[in-house]
Every structure is written in structure tokens, then in C-alpha cells.
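All heavy atoms count here, side chains included; hydrogens, waters and symmetry mates do not. Along the sequence shown, residues carry numbers from 1. Counting starts at 1 for both ligands and their atoms, in listed order.
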Amino acid sequence: MIIGVPKEIKAQENRVGAVPAMALDLVGAGHTVLVQQGAGLGAGVTDEAYVKVGAKVVGSAAEVYGAADMIVKVKEPLAAEYPLIKKGQLLFTYFHFAASRDLTDAMLKSGAHCFAYETLIHRNSLPLLTPMSEVAGRMAVQVGADCLEKHNGGRGILLGGIPGVEPATVVILGGGVVGTNAAKMAAGLGADVRLLDIDLDRLRYLSDVMPANVTLLHSSPITVREQIVHADLVVGAVLVQGARAPRLIRREDLKTMKEGAVVVDVAVDQGGCIETCKPTTHAAPTYVVDGVMHYCVANMPGAVPRTSTFGLTNATGPWAKKLAGMGAAKAAQDPVLGTAANVLAGLCTHPGVAEAFGLPYRAPNTVL
Ligand SMILES: NC(=O)c1ccc[n+]([C@@H]2O[C@H](COP(=O)([O-])OP(=O)(O)OC[C@H]3O[C@@H](n4cnc5c(N)ncnc54)[C@H](O)[C@@H]3O)[C@@H](O)[C@H]2O)c1
């Protein structure tokens with residue numbers, strides 16, 4: 001197969017769909033890899049690095065899309081890319097179809113086969129979302145520590161304290177991938193960490209693996225209210241799959257928090273778990289409500305495109321190879337890759353997307 005790797009054109013998107021190690025693996029499996037000139041530069045990967053592993057570099061997106069049987073990228077195609085997509089072409093990327101009717105209609109019309117990273121289920125988890133949650137969880141503590149510095153508007157407190165001075169209290173709502181990674185970082189810096197989740201089995205597991213400065217608490221509206229009073233930094237990391245994030249902190253609760261405390265609501269992409277959360281960008285990441293600083297950037301991994309690209313492609317690489325090896329028809333029958341099939345040959349093949357827009361649903365293994 002000819003596999004194309006275009007340059008991302010979404011604003012502030014510096015990640016790339018394949019790194020040289022992934023290209024080497026695909027070339028080794030007998031595929032041709034075509035990379036658009038400069039596609040990897042935002043992530044610190046030069047054109048020469050692709051050429052060294054046997055990939056070919058071409059000048060324009062039109063050349064990549066025009067020649068490729070399969071496109072591997074990061075973000076959903078934008079309107080400028082729609083005309084480049086061909087009937088029968090395989091696309092493997094993040095789509096988040098339910099968030100855009102225009103994108104869904106464009107891909108249905110294109111006749112392309114769209115396999116979405118975000119819906120691929122393997123061993124009861126979403127392995128192509130995990131690396132981005134790992135990045136966001138770790139970053140949440142890094143940006144939270146920065147916001148707590150006085151010149152940035154915070155309380156002027158060091159997360160780990162020093163001998164003789166108490167550390168900061170970090171309250172983390174949700175102990176999934178984001179929450180666990182945030183807890184590890186905050187605990188490593190020496191903070192007093194409180195991690196809340198509603199899943200008792202998860203709390204039991206975390207109590208075995210977390211260091212002693214992480215206290216595990218069952219999440220309830222009462223516990224949340226009790227904990228945020230002491231918090232210097234709150235990290236919002238809850239997820240209820242397929243639903244809006246539950247609002248665990250109401251506006252009136254903010255008045256009970258310390259002046260200059262910081263909230264990093266990582267769950268902003270699902271509506272946020274703090275009532276006063278509204279999406280922000282890396283250009284203007286924070287705002288203050290009732291003396292509490294809010295950081296609500298919806299694409300946190302975008303700030304660290306190199307780490308994010310390597311983390312993402314470590315996870316997507318093996319599935320991209322499997323998809324290319326099988327082709328769309330066989331992949332649609334596969335119990336794992338079939339879960340990523342959202343649109344096949346003009347038909348909607350994901351129940352969530354079909355429900356979101358009232359479209360007829362076809363099981364992926366009945367289409368091609
Ligand atoms: N802003 C960003 O850049 C960014 C990046 C990656 C992920 N995210 C978002 O972060 C959120 C968390 O992702 P994740 O991968 O950690 O999900 P996850 O499914 O691994 O973990 C979510 C956890 O929340 C817990 N939970 C549910 N309801 C709760 C409640 N009422 N109180 C306490 N805990 C509760 C669940 O039991 C689960 O352990 C998601 O909304 C995800 O989309 C945002």
C-alpha cells in the first residue's frame with residue numbers, strides 16, 4: 001500500500017501522524033511511505049530523518065493525498081482537505097465525528113473509509129486516547145505549579161514545600177489515566193495529594209501502587225466540598241463515557257476555596273467538571289473567577305508536540321501497520337479495528353455517530 005503522511009494544517013497543531021520509526025516499520029512490511037515536506041518539523045522531525053528510513057518526501061498535500069491508498073494523520077480533515085480525499089481511500093486519524101455534522105457529511109460523501117483513533121477498543125480500553133491522557137495528566141501538575149507562582153497570579157506556593165514548610169495540597173477529581181498521571185507527578189514533587197474516584201476497585205488498585213503522600217478518597221459531593229477548602233491546586237480529571245462530565249464543583253463552592261488557588265480542568269473537552277469552566281487556548285490559557293485561577297485548555301498535548309507525537313505514534317503505529325496490511329474490507333471484520341470504523345463507503349458504521357446525528361447505522365462487518 002502507499003501510505004501518505006500529510007502536514008497538519010489545523011491552527012497550532014504541530015504533531016505529525018508518523019515518526020521515522022513508524023515509517024521504517026511500514027516500509028519493512030512492504031509499504032511505500034510518502035511524507036509531505038516539512039510534516040514533522042513541528043515535532044522536531046526533519047525530512048531527512050524520514051528519507052533515511054526509506055520514506056519518500058513530496059512537496060504538497062495534493063501529491064500525498066493523490067498517490068496514497070491510506071492516509072495517517074493526527075487531527076480530523078479540515079474543509080480545505082475534503083476535496084483531496086478520494087473514494088475508497090483509507091483514513092486513520094482522530095475524527096471525533098460526533099462533534100461535527102459538517103465533517104461527518106463530508107466524509108460520508110467522499111466514499112472514503114474512516115477509521116478513528118478515538119473509538120478503537122482493545123482489551124476494554126481506548127489505547128489510542130491513553131497517551132494523550134498521560135500527557136495531559138502530567139502536564140496538569142506542571143501548569144498548575146506554574147499558575148501557583150505569585151507573578152502568575154497564584155498563591156505563591158511551592159508544590160513540594162521545603163524542610164520546615166508544609167507542601168501544597170493537590171486535590172485530583174478522578175483516578176483514571178489523567179488523574180493517576182497527575183497524582184504521580186504531584187506526589188513526586190512532594191505535594192500532599194488527595195485523589196478522589198467513585199470506583200472502589202480503582203481506589204483499591206491505586207492504594208497498592210501510589211506512594212504514601214497520595215490519600216485515596218471515595219468521591220461524593222460532600223467529600224469534594226470538604227477537600228477543595230484545603231486545596232492549593234485542583235485537577236479535574238473525571239470521565240463518564242459517552243456523557244458530559246459531571247459538575248463536581250459548583251460556582252458557590254469557589255467561595256470556600258483559598259484566594260489564589262488554581263483549578264486545572266482537564267475534563268474541559270467533555271464540558272468540564274467545574275461549573276465555571278470554559279475552554280481556553282494555549283495563547284490565553286487562564287482566567288480568574290471568585291479569586292480562583294482556572295486553566296481550561298482543551299488540547300493540552302498540543303503544547304508538547306514532540307512528546308505527544310512520539311507517545312501517539314507508539315500507540316497508533318502497530319494498528320496502522322495492521323490496517324494497511326489488511327485493507328479496509330478485512331479490517332472492518334476485525335474485532336478490534338472494526339471498532340474504529342466510523343464511516344465506510346458512504347455509510348455510518350459507528351452507533352455513537354449514527355445516534356448523534358440520527359443517521360442510519362450499519363454494522364462495519366456488513367458493508368464492504
Ligand atoms: N484537556 C485536554 O487536553 C485533555 C487531554 C486528554 C484527556 N482529556 C480528558 O480528560 C478526562 C479524563 O480522561 P481519562 O483518560 O483520565 O479518563 P478515564 O476514563 O481513564 O478516567 C476517568 C475517571 O473518572 C472517574 N469518575 C467518574 N465520575 C466520577 C466522579 N463523580 N467523581 C470522581 N471520579 C469520577 C472514573 O471512575 C474514572 O476512573 C476526559 O474528559 C478526557 O477527554 C483532556
Side-chain angles (χ1 to χ4, degrees), residues 10 12-13 15 74-75 94 96 98-99 116-121 123-144 171-185 194-207 209-210 215-228 234-250 253 263-275 277-282 285-286 294-305 307-308 311-312 315 352:
K10 194 163 184 169
Q12 294 184 329
E13 182 53 70
R15 290 173 291 176
V74 181
K75 297 304 284 187
Y94 285 123
H96 294 287
Y117 293 161
E118 70 276 6
T119 66
L120 186 143
I121 300 173
R123 297 191 193 126
N124 281 330
S125 77
L126 300 165
L128 306 189
L129 279 180
T130 303
M132 294 306 103
S133 286
E134 290 170 332
V135 169
R138 288 173 184 228
M139 250 188 87
V141 172
Q142 192 169 307
V143 297
V171 173
I172 299 172
L173 307 173
V177 181
V178 169
T180 308
N181 277 277
K184 272 192 207 160
M185 293 293 275
R194 326 262 168 100
L195 180 53
L196 282 64
D197 204 293
I198 45 170
D199 181 341
L200 284 179
D201 287 334
R202 182 76 184 160
L203 290 177
R204 286 189 188 104
Y205 163 73
L206 291 175
S207 83
V209 296
M210 281 291 161
T215 304
L216 297 155
L217 297 166
H218 185 252
S219 178
S220 74
I222 292 176
T223 328
V224 172
R225 259 181 251 129
E226 279 172 2
Q227 290 302 318
I228 60 170
V234 175
V235 176
V238 299
L239 176 66
V240 178
Q241 278 206 12
R244 195 204 173 287
R247 288 217 164 113
L248 301 184
I249 301 181
R250 319 290 312 189
D253 299 329
V263 165
V264 177
D265 199 348
V266 184
V268 54
D269 60 340
Q270 302 293 330
C273 51
I274 289 134
E275 189 179 358
C277 164
K278 55 174 199 250
T280 58
T281 63
H282 291 295
T286 60
H294 292 48
Y295 175 104
C296 306
V297 175
N299 69 330
M300 293 173 71
V304 288
T307 303
S308 299
L312 176 67

- Geometric N/O contact Arg202 with ligand 1, under 3.5 angstrom: no
- For atom 43 (O) of ligand 1, what's the nearest protein heavy atom and its distance? Asp269 OD2, 2.6 Å
- Query: Do Pro246 and ligand 1 have an N or O pair less than 3.5 Å apart?
  - Reply: no
- Per-residue contact class, Ala245 against ligand 1 - non-hydrogen pairs under 4.0 Å: neither
- Message: Pairs of nitrogen or oxygen atoms closer than 3.5 Å, one from Pro301 and one from ligand 1: do any exist?
- Response: no
- Give the residue, atom name and distance (to 0.1 Å) of the protein heavy atom nearest atom 20 (O) of ligand 1. Val177 N, 3.0 Å
- Consider every N or O of Ala298 and every N or O of ligand 1, then say whether any pair is closer than 3.5 Å. yes
- Query: Among protein heavy atoms, which lies nearest atom 44 (C) of ligand 1, and at what distance?
  - Reply: Val266 O, 3.0 Å
- Message: Within the structure provided, determine whether Leu129 and Val177 are in side-chain contact (heavy-atom separation under 4.5 Å).
- Response: no
- Task: May I ask you to identify, for Gln270, whether its side chain, its backbone, both or neither come under 4.0 Å of ligand 1 on a heavy-atom basis?
- Result: side chain
- Item | Contact check: Val178 vs ligand 1, nitrogen or oxygen atoms, below 3.5 angstrom | yes
- Main-chain N/O of Lys75 paired with His96 side-chain donor or acceptor, under 3.5 Å: no
- Message: Does either side chain, that of Thr223 or that of Arg194, offer a donor lying less than 3.5 Å from an acceptor on the other one?
- Response: no
- Message: Just to verify, which of Val238, Leu239, Val178 counts as forming a side chain to side chain contact (heavy atoms under 4.5 Å, CB included) with Val266?
- Response: Val178
- What atoms of ligand 1 come within less than 4.0 Å of a heavy atom belonging to Ser133? 6 (C), 7 (C), 13 (O), 14 (P), 15 (O)
- Find all atoms of ligand 1 within a distance of less than 4.0 Å from any non-hydrogen atom belonging to Asn299, and give their numbers and elements. 3 (O)
- Message: Has Asp197 got a side-chain atom pairing as donor or acceptor with Leu203's backbone, closer than 3.5 angstrom?
- Response: no
- Shortest protein contact, atom 3 (O) of ligand 1 (heavy atom only): Met300 N, 2.7 Å
- Task: Write down the atom of Arg15, the atom of Pro305, and the distance for their closest heavy-atom approach.
- Result: CG-O, 3.9 Å
- Hey, looking at atom 38 (C) of ligand 1, which of Leu195, Leu126, Val297, Asp197 has the closest heavy atom? Asp197
- Note on the structure: Within 4.0 Å of some non-hydrogen atom of Ser219, the atoms of ligand 1 are 30 (C), 32 (N), 33 (C)
- Does a side-chain heavy-atom distance below 4.5 Å link Val135 with Met300? no
- Tell me: protein heavy atom nearest atom 35 (C) of ligand 1, and distance? Val238 CG1, 3.6 Å
- N or O contact, Leu239 vs ligand 1, cut-off under 3.5 Å: yes
- Query: Ser308 side chain to Pro301 main-chain N or O, any donor-acceptor pair under 3.5 Å?
  - Reply: yes
- Can an N or O of Asp199 be found at a distance shorter than 3.5 Å from an N or O of ligand 1? no
- Message: Would you say CD1 of Ile222 has more than 12 non-hydrogen atoms from neighbouring residues, nucleotides or ligands within 6.0 angstrom?
- Response: no
- Task: Could you tell me which atoms of ligand 1, counted from 1 in the order shown, lie closer than 4.0 angstrom to a heavy atom of Leu196?
- Result: 33 (C), 34 (N)
- Note on the structure: among protein heavy atoms, the one nearest atom 21 (O) of ligand 1 is Gly176 CA, 3.1 Å
- Message: Nearest 0.5 Å, please: how far is OG in Ser220 from CD1 in Ile198?
- Response: 11.0 Å
- From CD (Glu275) to CZ (Arg250), nearest 0.5 Å: 4.5 Å
- Query: Just by modelled atom types, is the Thr286 backbone N or O under 3.5 Å from a matching donor or acceptor in the Thr280 side chain?
  - Reply: no
- Which residue holds the protein heavy atom closest to atom 12 (C) of ligand 1, what is that atom called, and what is the gap in Å? Ala237 O, 3.6 Å
- Arg244 side chain to Gly272 main-chain N or O, any donor-acceptor pair under 3.5 Å? yes
- Using a strict 4.0 Å threshold on nitrogen-to-oxygen distance, state whether Arg204 and Asp201 make a salt bridge. yes
- Contact check: Leu173 vs ligand 1, nitrogen or oxygen atoms, below 3.5 angstrom: no
- Message: If the cut-off is 4.0 Å to any non-hydrogen atom of Ala136, which atoms of ligand 1 fall inside it?
- Response: 4 (C), 5 (C), 6 (C)
- Query: Can you tell me how far the CZ atom of Arg202 sits from the OG1 atom of Thr180, to the nearest 0.5 Å?
  - Reply: 4.0 Å
- Query: Do any nitrogen or oxygen atoms of Leu248 come within less than 3.5 Å of a nitrogen or oxygen of ligand 1?
  - Reply: no
- Applying a 4.0 Å heavy-atom criterion (strictly less than), which segment of Ile198 is in contact with ligand 1: side chain, backbone, both, or neither? both
